[in-house]
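Here's the structure we're looking at; comments come further down.
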Amino acid sequence: MTEELPGAWFGFGFCGFGQEPVSGHGRWVLSPEQLRAGGDICHVSASWSYTALVTRGGHVELSGSAKGSADGCRDAWASEGLLVLLRDRSGSRAELQRLELGIEHALLLDAAGQVFSWGGGRHGQLGHGTLEAEPEPRLLEALQGLPMAQLAAGGWHSVCVSETGDIYIWGWNESGQLALPTRSLAEDKRTVTGEALNEDGSEVERVAGAPAHFITIQPFPALLDLPLGSEAVGASCGSRHTAVVTRTGELYTWGWGKYGQLGHKDTTSLDQPCRVEYFVEKQLQVKTVTCGPWNTYVYAVENRNS
């Protein structure tokens, strides 16, 4: 087995609180920029106003509106209301289930590759075919018999990647985050704004008389094909954008792009997957992607085949 070359983390999108990748208020990054932190980072988790960086040595550093650090941590999960730290424990490691949290819903991947969802369902984000809430974890029957390897929860949408590299996606498509056509983008050909969201990404009531965006709700998991038949190995979701890593190390993003969180050097929103050319041009292979509500972080290594 060949040894993997050392890589680096990159970030793009909203960084108005001085969080990585750049300092200074009122900033957003339209194309990937390498993080200032060293190459020892193994995990990144971002909320709306701050970012948690975890090193291989177990050190957690906060960047943005929240400041602080901690040692002896294996992982971290950041949200506006709290920061969850997974501490190191001696002895054998038990097999962990994968849990992902959206604004109003939760997804769970068990050891057998089955998916469970619960919480609010008014945007179809639970995948059970209705808009009803579920108070307890419920098996996603539409995906039974299709073992999943990874899952991700956006603000009000959900994504799963199967063991064979297929992508299944469902929930809210207001900004094209499901890669389904949306009237607001097709007719206006302009960026969908965040008029219907608070600054923390939570939904607010629309002002009477304001123009309503056409909203598509997909309440069942839908199979999504990437360009050129690419197979997926990982996915992550922001508040209203989606990012997928392919088996060949390419990154595709789509959905809401107002702050450059899609990485395409502009603020355009997209309702179809588009490859982030920065990593191709720099001859880098993407290994990991993790989205904050309005930004995106990527770990990439040098492409040995270049």
Side-chain angles (χ1 to χ4, degrees), residues 1-16 18-24 27-46 51-56 61 63-64 150 152 159 161 165 167 177 179 191 224 226-238 241-270 272-306:
M1 179 180 296
T2 58
E3 183 180 356
E4 184 176 286
L5 294 174
W9 281 89
F10 299 81
F12 44 98
F14 180 73
C15 55
Q19 62 265 54
E20 290 278 10
V22 296
S23 61
R27 288 288 309 274
W28 55 89
V29 178
L30 305 183
S31 183
E33 288 187 4
Q34 188 170 339
L35 303 193
R36 294 165 296 169
D40 195 37
I41 301 171
C42 64
H43 182 71
V44 176
S45 179
T51 302
L53 308 171
V54 185
T55 70
R56 291 179 177 84
E61 190 77 29
S63 170
Q150 197 184 54
V159 178
V161 178
I167 304 169
Q177 58 264 48
T191 304
L224 171 64
L226 291 177
L228 305 177
S230 300
E231 295 181 354
V233 293
S236 187
C237 300
H241 75 287
T242 307
V244 165
V245 178
T246 70
R247 203 173 299 279
T248 55
E250 295 178 322
L251 178 69
Y252 286 86
T253 62
W254 62 94
W256 190 43
K258 179 179 180 179
Y259 292 99
Q261 59 263 51
L262 302 185
H264 302 305
K265 302 180 182 180
D266 56 28
T267 58
T268 301
S269 296
L270 300 170
Q272 57 185 345
C274 183
R275 189 175 69 176
V276 179
E277 296 299 329
Y278 174 90
F279 298 102
V280 178
E281 295 167 357
K282 298 295 183 180
Q283 299 182 342
L284 296 171
Q285 279 190 317
V286 175
K287 295 294 184 180
T288 302
V289 62
T290 180
C291 296
W294 295 359
N295 52 26
T296 306
Y297 293 92
V298 171
Y299 179 72
V301 301
E302 182 181 337
N303 189 346
R304 286 183 180 272
N305 299 321
S306 61

Quick one: does any side-chain atom of Tyr259 pair with a main-chain N or O of Gly16 as donor and acceptor, under 3.5 Å? no

May I ask you to check whether Phe279 and Phe10 place their ring centres under 6.0 Å from each other? yes

Considering only heavy atoms from C-beta outward, does the side chain of Val276 approach that of Val286 to under 4.5 Å? no

Hits for side-chain hydrogen bond (donor to acceptor under 3.5 Å, both in side chains) against Thr253, two or more places apart or cross-chain, chain-then-number order -> His264

Show your reasoning for whether side-chain contact (heavy atoms from CB on, under 4.5 Å) applies to Trp9 and Glu20. CA-CA 10 Å; Trp9 281 89; Glu20 290 278 10; over 6 Å; no

Show, in sequence, the C-alpha distance, side-chain angles and deciding distance for Trp254 and Val244, and conclude whether the side-chain contact (heavy atoms from CB on, under 4.5 Å) test is met. CA-CA 9 Å; Trp254 62 94; Val244 165; 3.6 Å; yes

State which residues pass side-chain hydrogen bond (donor to acceptor under 3.5 Å, both in side chains) with Glu231; sequence neighbours excluded, sorted by chain then number. Arg247

Could you pull out all residues at least two apart from Thr246 that satisfy side-chain hydrogen bond (donor to acceptor under 3.5 Å, both in side chains)? Thr248

Only counting residues at least two apart or in another chain, list the ones meeting salt bridge (charged side-chain N to carboxylate O under 4.0 Å, His left out) with Glu250. Arg275

SG-CD distance between Cys291 and Gln261, expressed to the nearest 0.5 angstrom: 9.0 Å

Looking at every non-hydrogen atom in both residues, tell me the closest pair between Ser269 and Gly257 and how far apart they are. OG-N, 3.1 Å

Looking only at heavy atoms, what is the nearest atom pair of Pro32 and Gly263, with distance? CD-O, 3.9 Å

So CD of Gln19 and CG of Asn295: to nearest 0.5 Å the spacing works out to 6.0 Å

Got Tyr252 and Ile167 here, is their nearest side-chain heavy-atom distance under 4.5 Å? no

To the closest 0.5 Å, what do you measure between NZ (Lys265) and OH (Tyr278)? 9.5 Å

Identify the heavy atoms of Arg36 and Gly18 that sit nearest to each other, and give their distance. NH2-O, 4.0 Å

Nearest 0.5 Å, what's the OG1-CG distance between Thr242 and Leu262? 9.0 Å

Side-chain heavy-atom pair Val44, Tyr299 within 4.5 angstrom cut-off: no

Let me confirm one number: the CG-CD distance from Leu251 to Glu277, rounded to the nearest 0.5 Å. 10.5 Å

According to side-chain contact (heavy atoms from CB on, under 4.5 Å), who are the partners of Ser45, at least two apart in sequence or on a separate chain? His43, Trp77, Ala78

With a 4.5 Å cut-off on side-chain heavy atoms, are Thr296 and Val289 touching? yes

Have a look at Leu35 and tell me which of Ile41, Thr51, Val298 forms a side-chain contact (heavy atoms from CB on, under 4.5 Å) with it. Ile41

Over all atoms of both residues, closest heavy-atom pair of Ala179 and Leu224: CB-CD1, 3.7 Å

When rounded to the nearest 0.5 angstrom, what is the spacing between CD in Glu281 and CD in Gln283? 10.5 Å

Can you find a pair of side-chain heavy atoms, one from Thr267 and one from Trp28, that are under 4.5 Å apart? yes

side-chain hydrogen bond (donor to acceptor under 3.5 Å, both in side chains) partners for Gln150, two or more places apart: none

